[in-house]
J.: 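The structure is given below, and queries will be raised subsequently.
Both ligands and their constituent atoms are indexed starting at 1 by order of listing. Residues take their numbers from the sequence shown, with the count starting at 1.
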Amino acid sequence: MRVRIHRGTKEIGGTCIELESGEARILLDLGLPLNGDPDEPALYPPIEGLNGGSDLLALILSHGHADHFGLAHLAGPHLPVALGAATHRILKAAAPFVPNPYLPKKAIEFTDGVPLEFGPFRVTPHLVDHSAYDAYALEVEADGQRLFYSGDIRAHGRKGALFERLIARPPRSVDVMLMEGSSFGRLDPTQVFPEESVVEQRFVDLFQDTDGLALVAASAQNIDRMVSLYRACKRTGRTLVIDLYSAEILRATGNPNIPQSGWSNIAVYIPHYQRVQIKRSARFDLLEQHKSQRIFADQLKALAPRAAILFRPAMLNDLDRAECLSGAKAIWSQWDGYLKQERGLTLLSSLADRNIPVDHAHTSGHASIIDLKRLAEAVAPKMLVPIHTYEPQQFPEHFKAVSLKNDGEWWKVPHDH
Ligand SMILES: [Zn+2]
Ligand SMILES: [Zn+2]
């Protein structure tokens, strides 16, 4: 088997791995570089046969984050695109609400542990804990060799048991592991990230310390975080107010244990910009789907001291008009790097104009270095290649059998049994 990492040997974002066995090839992920423009051809990796009908047999997506699928629109209508079944549903649910929706034209849905065959390649998805729902590590067998790609992975989320399962029963005889290293350069090697349950407790503490509406800026697609938010609301007697997009994402999980718009302490408020989106896309069925707990602007003021709203900067005008911001507090529940970018700075000044204080409650979607060491020791690959990291040169200090690669270069999976 031959391997070419198009992007990711020295950066986070834009992950794309091409594998070749004989004449056949497959791709693992086709991501957009961070802050990249999906319409910028200079960012497109030079991959032959994306239109299908050639020796490129499939694109397999590890999970639904744009840095892993954000260039998947380059795959033509004949190329099979394999992705998790829930990831596919979430992409469909998001489509009416996002500027450049992506839906694979020829989708193959997969589930945990069920292998897929593409010519000489056998690909087994392993469900993992990550901040994206339905995220997978991918095990690829071809030519009697085995490659294991961690995808994005962590051990401290609500599905940490999946990480423990993986290291208790790792894939055997792995020749090459491509392992993410997002935390290098962001976290001291001896430190750990807080568990998701700690974020829940932080929400509880902050809600108890807030007289008015709690404005929580979190990603609706971070389902672990949505669960933390819901549980913290329940523990503090607050109603969780979500928008139509979030209600649809939660529904798309297809998981009855995940909070849903019809639950009694959840309310659905549809901000002006979403009413415009619904009108434009004529998706009035979505209003019908989530109408049972719908509330309107004139109810927000009375509800505010007993509510937390999943907050988007674009709803600030709605909340102003509803006069529901007295005593409000904002809680930033995403990567704080976003707050240093232009849109984040604009949001901070909008909140400051309204005397709304900002607190933080977050944990990483990526494994600590301590957990990465546990993974590397369990899998014990013959060769470990850093990917999805800004600090590949730190790997040899922490792991055995590290081999540093460059973007765009082909290399062989070694035969040294
Ligand atoms: Zn991710
Ligand atoms: Zn990623």
J.: When the ring planes of F203 and F207 are compared, do they come out parallel, tilted or perpendicular, using 30° and 60° as the limits?
T.: parallel
J.: May I ask you to decide whether R7 forms a salt bridge with E11, counting only side-chain N to carboxylate O separations under 4.0 Å?
T.: yes
J.: For a quick test of reading the model, state the closest non-hydrogen atom pair linking V227 to P259 and the distance between them.
T.: CG2-CD, 3.9 Å
J.: Sequence neighbours left out, what passes ring-ring contact (aromatic ring centres under 6.0 Å, His included) with F311? Give chain and number order.
T.: none
J.: Side-chain polar contacts of residues 343-350 - donor-acceptor pairs under 3.5 angstrom, sequence neighbours left out - could you list them?
T.:
unit_1, atom_1, unit_2, atom_2, d
T346, OG1, E342, O, 2.9
S349, OG, T346, O, 3.1
S350, OG, T346, O, 2.9

J.: Have a look around the Zn ion (ligand 1) and list protein N/O/S atoms under 2.8 Å, or say none.
T.: H63 NE2, H65 ND1, H130 NE2, D152 OD2
J.: Please enumerate all residues that pass ring-ring contact (aromatic ring centres under 6.0 Å, His included) together with W410, with sequence neighbours excluded.
T.: none
